[in-house]
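One-based numbering, in listed order, for ligands and for the atoms of each.
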Amino acid sequence: MAVAELFEPLTLGHGPAMRNRFMLAPLTNQQSEYDGSVSKFDQGWMEQLARSGYALIQTGAATVEASGIAYERQLGIHSDEHLHGLTQIATVIRAGGGLSAVQLHHAGHRASPELGGVPAPASSLTLPGVKALTTDEVERIRDSFIAAARRAELAGFDGVALHGAFGWILSEFMSPLLNDRTDKYGGNTENRARLTIEVIEGIRRECGPDFQIGWRLSVERYGLFLEELREIAAEILDRELIDYLDLALWDSAQIVREGAFSLDPPIGDCVTLPQRRRRAL
Ligand SMILES: Cc1cc2nc3c(=O)[nH]c(=O)nc-3n(C[C@H](O)[C@H](O)[C@H](O)COP(=O)(O)O)c2cc1C
């Protein structure tokens, strides 16, 4: 892509186009109120971002259930009490000419008991003494994601972005290492992807035709193979269920180390960054 094209508008599958190709990555800044409400610090940060020229601004990870919290002073979207502050954020972003999305998050087995979180693993083997979620509980969490998206729409956001990266609940369920379930949410790739797909389908069903959905993935982590993720993403993209796929790497020079797409020979510590970059292409 030529540099000039970065400043061209980009049409998404639903809703308004992006005014350019710059999207702000979701960033948890731990400055919301203790109950997850938007604080004056959140509001001030969003006011600055709204003036920045980004085409699409995502909030940091927002809890879809109080029990799914991972970080102190994390943004919340699990209650109608949060609507007032979220509406202020959506309004300020729109006034700046950008599109807005709330990143929807549940920490799964990494929910923090110190903060009122309830660890919610896909497998009884993940945490000593903590039983896997029952099927009903998985469906409750699925419905909480969908209810949170509806709340985002009511607050005036253009869409939501699903946090499916870094081992949080959606990626936890997809992982063959963290998910040994025998119900419809475990086993083969289709079943492990079911939670994510049902969340996306539910949001499409419950929210309006212009509502935008993004999905964040981290490549090759927690036992997921690139080829499996590719298969799942292909289905979701073929069905035009989402508007954008957000690949979070942490390491921009990361290469595939396992599975069908692994690079051979494997890299060693002696490989320089430029070499790694070339191999990653
Ligand atoms: C302070 C901080 C907060 C972050 N918060 C979130 C978050 O809420 N949600 C998320 O998906 N990623 C979060 N990230 C990850 C970033 O969005 C981004 O993926 C990371 O900085 C690596 O960049 P890359 O994905 O372009 O490789 C955070 C990163 C930092 C440094």
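- Contacts of Phe7 classified as ring pair (Phe, Tyr, Trp, His ring centres under 6.0 Å), with partners at least two apart in sequence or in another chain: Phe22.
- Partners of Asp80 by salt bridge (charged side-chain N to carboxylate O under 4.0 Å, His left out), not counting sequence neighbours, listed by chain and number: Arg151.
- Between Arg110 and Glu172 there is no salt bridge, since no side-chain N of the basic residue sits under 4.0 Å from a carboxylate O of the acidic one.
- Annotation: ring pair (Phe, Tyr, Trp, His ring centres under 6.0 Å) contacts of His78 (sequence neighbours excluded): His82.
- Among protein residues, Ala25, Pro26, Leu27, Thr28, Gly60, Ala61, Gln103, His163, Phe166, Arg216, Ala248, Leu249, Trp250 come within 4.0 Å of ligand 1, judged on heavy atoms.
- Using a 4.0 Å cut-off between a side-chain N of Lys or Arg and a carboxylate O of Asp or Glu, Glu153 and Arg150 qualify as a salt bridge.
- Cation-pi geometry between Arg73 and Tyr34 is met: under 6.0 angstrom from the ring centre, within 45 degrees of the axis.
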